[in-house]
Amino acid sequence: MINITLKDGTSKQYPKGITVGEVAKDISRGLFRAAVAGKLDGETVDLMQPINNDVQLNILTFDDIEGKKAFWHTSSHIMAQAVQRLFPDIKLAIGPSIDNGFYYDFDTDRPFTPEDLEAIEAEMTKIVKEDLELERFEMPRQEAIDSMAEKGESYKIELIEDLPEDSVISFYRQGEFVDLCAGPHVSSTGKVKAFKLLSLAGAYWRGDEKNKMLQRIYGVAFPKKGQLDEYLNRLEEAKKRDHRKLGRELDLFSIHEEGPGFPFFHPKGMVIRNILEDFWRKEHVKRGYEEIKTPIILNQDLWVRSGHWDHYQENMYFTNIDDGDYAIKPMNCPGSMILYKRKMYSYRDLPLRIAELGLVHRHELSGALHGLMRVRCFTQDDAHIFMLPEHIKDEIVGVIDLVDYFYKQFGFNYHVELSTKPEKAMGSDEDWDLAISALKEALEEKNMEYIINEGDGAFYGPKIDFHLEDSIGRTWQCGTIQLDFQMPERFDLTYIGADGDKHRPVMIHRVVFGSIERFIGILIEHYAGAFPTWLAPVQVRFLSITDRSNQYIQKLAREFEDLGIRVETDLRNEKIGYKIREARLQRIPYMLIIGDKEVESQQIAVRSRDEGDLGLMEVEDFIDRIKKEIKQKGQ
RNA sequence: GCCAAUAUAGCUCAGCUGGUAGAGCAACGGUUUCGUAAACCGUAGGCCAGGGGUUCGAGUCCCCUUAUUGGCUCCA
């Protein structure tokens, strides 16, 4: 007999060799039905897995992340099986589960069509009905390679060859389909009750653009039909808050064929932009930053000196002035260097925090452009902090606090990544190690969780990135803090130390919004277009019942404007319901409805976007209310 | 840049296997002066993304270009 400790801490005796599934069945039939996999001492395993010694066991259902992974992994096998039945000539590459479903990559000369997806789905339905059991088995390395060679599965051979010498090479079989796979999997194909293939895409083998492009099919699957419907519904809802759609409907910005990746900001979009910038300026002054503005075009020699010519050229635009070669800035730092060098600094002047809202241009691949999130020109809310080595940690902590303060203001959740030295980098490994440990130290002092992104740093230094989520869960890098020992060296920056000698300062590059454009895109999706009053392009719209109230409205509107409240009037000869509908579609925080009654009593009828009809109010009371709300910035 | 899909009026979309472009909303003109999410009638609006081809005839078929979308790669 063996002792099995369950999730709730209780332990039970079972005969040696009992399977995970049998334990689940012993606990309850319901749990057995919901079970998709198990977790033995932290390792996820199949339900068929026998247990031979005392362990801690968790029964995983679809509600567990690892359970979902197993479920989706099996779904990807079902899809691959269907594809192989319909298109026997295809080669299998890889088919993992992902955060929201699964995919499988196939190699075939014949491109899949949307009709193929339907046929594949139909075949998958059959496989699910066949309720094929999944069976795990292992093979010695050479045998595994031979067996894959026999099937012509060259990608699988490559995968096996890359496995470490001592690793167990396991396969899963369901009916006639066999795939190299570490597992775990659900016990039979019949469990995958509801699924949908979502999209077709090209994907490079092993994510390397030098490799062949394979065809990837994405899908999702659930144990119940209702869950699938709910998921698809959520996707539909998310599409409604897409910033590209709302940007058009709310008249905030547009992008035209004449300037792919170069967004135009409309008057209402500019209101949001200007408010963000005002807020930004105020907070930066408070924290000891000074603001500068450097030119967009600077001569090519500067970019050679900064290292951009060697490391960033393919992302830059170039131009020519009077036979001289110039570049359009892709970053603000070299301009900031020039300003630092304009005079001498004492160690007492440092740290020096120099901020710049700088418009940069970068050549992004056409296929990468995406609304305001990925553009070819954007404004960075940049700053360069020049400092002594002993300032490093405090300055980084200061920036982390600033970023956190900003993101909290908008109610964002974010996650942090630390990126290390890339292949194409300047500087010695020692410098990089020093810089990386400084960043780590700051993160640890703030008790921040972070993931490490190996080789993803900027060419001049490692960075801490702050990532925000869009409406469908994709994350976008916004804030970043980059520690740089290289630029000060390249530009021979100095300060005079207490010893009277020249010393080299260290610098930080950092942004908080990241790109104002991207940040606005994320804000639009975050609020689904319903901006809090302090950010709303129009805060109040007056709606007339009849034209008898026009004069009163115009008088009030002028008063509100004088108080700095952003107002619009709708005096059209339309029914009130129609005007309310339009104002609601524009997500305007307050509608003030003015008819004969209001003119008579010199009051206003207030309708709030969030709370509905608030009834009659004194004008003064409403002004107090909205002013307070604006001051609180939606907190 | 690569793979795939898409491109019809300001917006959302019809237009079947080729026979000469249509709706709703918006705009404009009129009627209606109305109380909390869409009044009524009328008018105008399109080089069907651009270019080339096949055909007696192309929005529909083919090719090229551009842009967009979903991915891959890259990144704020």
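Keep in mind that the numbers below use all heavy atoms, side chains included, and drop hydrogens, waters and symmetry copies. Keep in mind it's a predicted model, so treat the numbers as computed, not measured.
No aromatic stack links Phe112(A) and the base of A4(B), using centre distance under 5.5 Å and interplanar angle under 30°.
Contact annotation: Tyr218(A) side-chain N/O to A4(B) OP1/OP2 distance is not under 4.0 Å.
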Between N or O atoms, less than 3.5 Å apart, protein on one side and nucleotides 62-69 of chain B on the other: list the pairs.
residue: U66(B); atom: O2'; partner: Glu257(A); partner atom: OE2; Å: 2.8
residue: U69(B); atom: OP1; partner: Arg244(A); partner atom: NH1; Å: 2.9
residue: U69(B); atom: O3'; partner: Arg244(A); partner atom: NH1; Å: 3.3

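Nucleic acid contact for Lys463(A): sugar-phosphate only, since backbone atoms but no base atoms lie under 4.0 Å from a heavy atom of the residue. Within 4.0 Å (heavy atoms only), Val375(A) reaches at least one base atom of the nucleic acid. Within 4.0 Å (heavy atoms only), Glu249(A) reaches no atom of the nucleic acid at all.
When the P atom is used for both G10(B) and C47(B), the distance is 8 Å, rounded to whole Å.
Every residue was checked against the side-chain hydrogen bond (donor to acceptor under 3.5 Å, both in side chains) condition with Asp456(A), not counting sequence neighbours, and none meets it.
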Identify all side-chain donor-acceptor contacts of residues 252-263 of chain A below 3.5 Å with residues at least two apart in sequence or on another chain.
residue: Ser254(A); atom: OG; partner: His256(A); partner atom: NE2; Å: 2.7
residue: Ser254(A); atom: OG; partner: His266(A); partner atom: NE2; Å: 3.2

request  = Let me have a per-nucleotide readout for nucleotides 34-45 of chain B, 5' to 3', with B, S or -, counting only protein heavy atoms under 4.0 Å.
outcome  = BBBBBB------
message = Let's test your reading of the pairing rules: Watson-Crick or G-U wobble, both distances under 3.5 Å, then write RNA chain B as a dot-bracket string with ( ), [ ], | and dots.
response = (((((((..((((.....[..)))).(((((.......))))).....(((((..]....))))))))))))....
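Counting only residues at least two apart or on different chains, no ring pair (Phe, Tyr, Trp, His ring centres under 6.0 Å) pair has a member in residues 568-587 of chain A.
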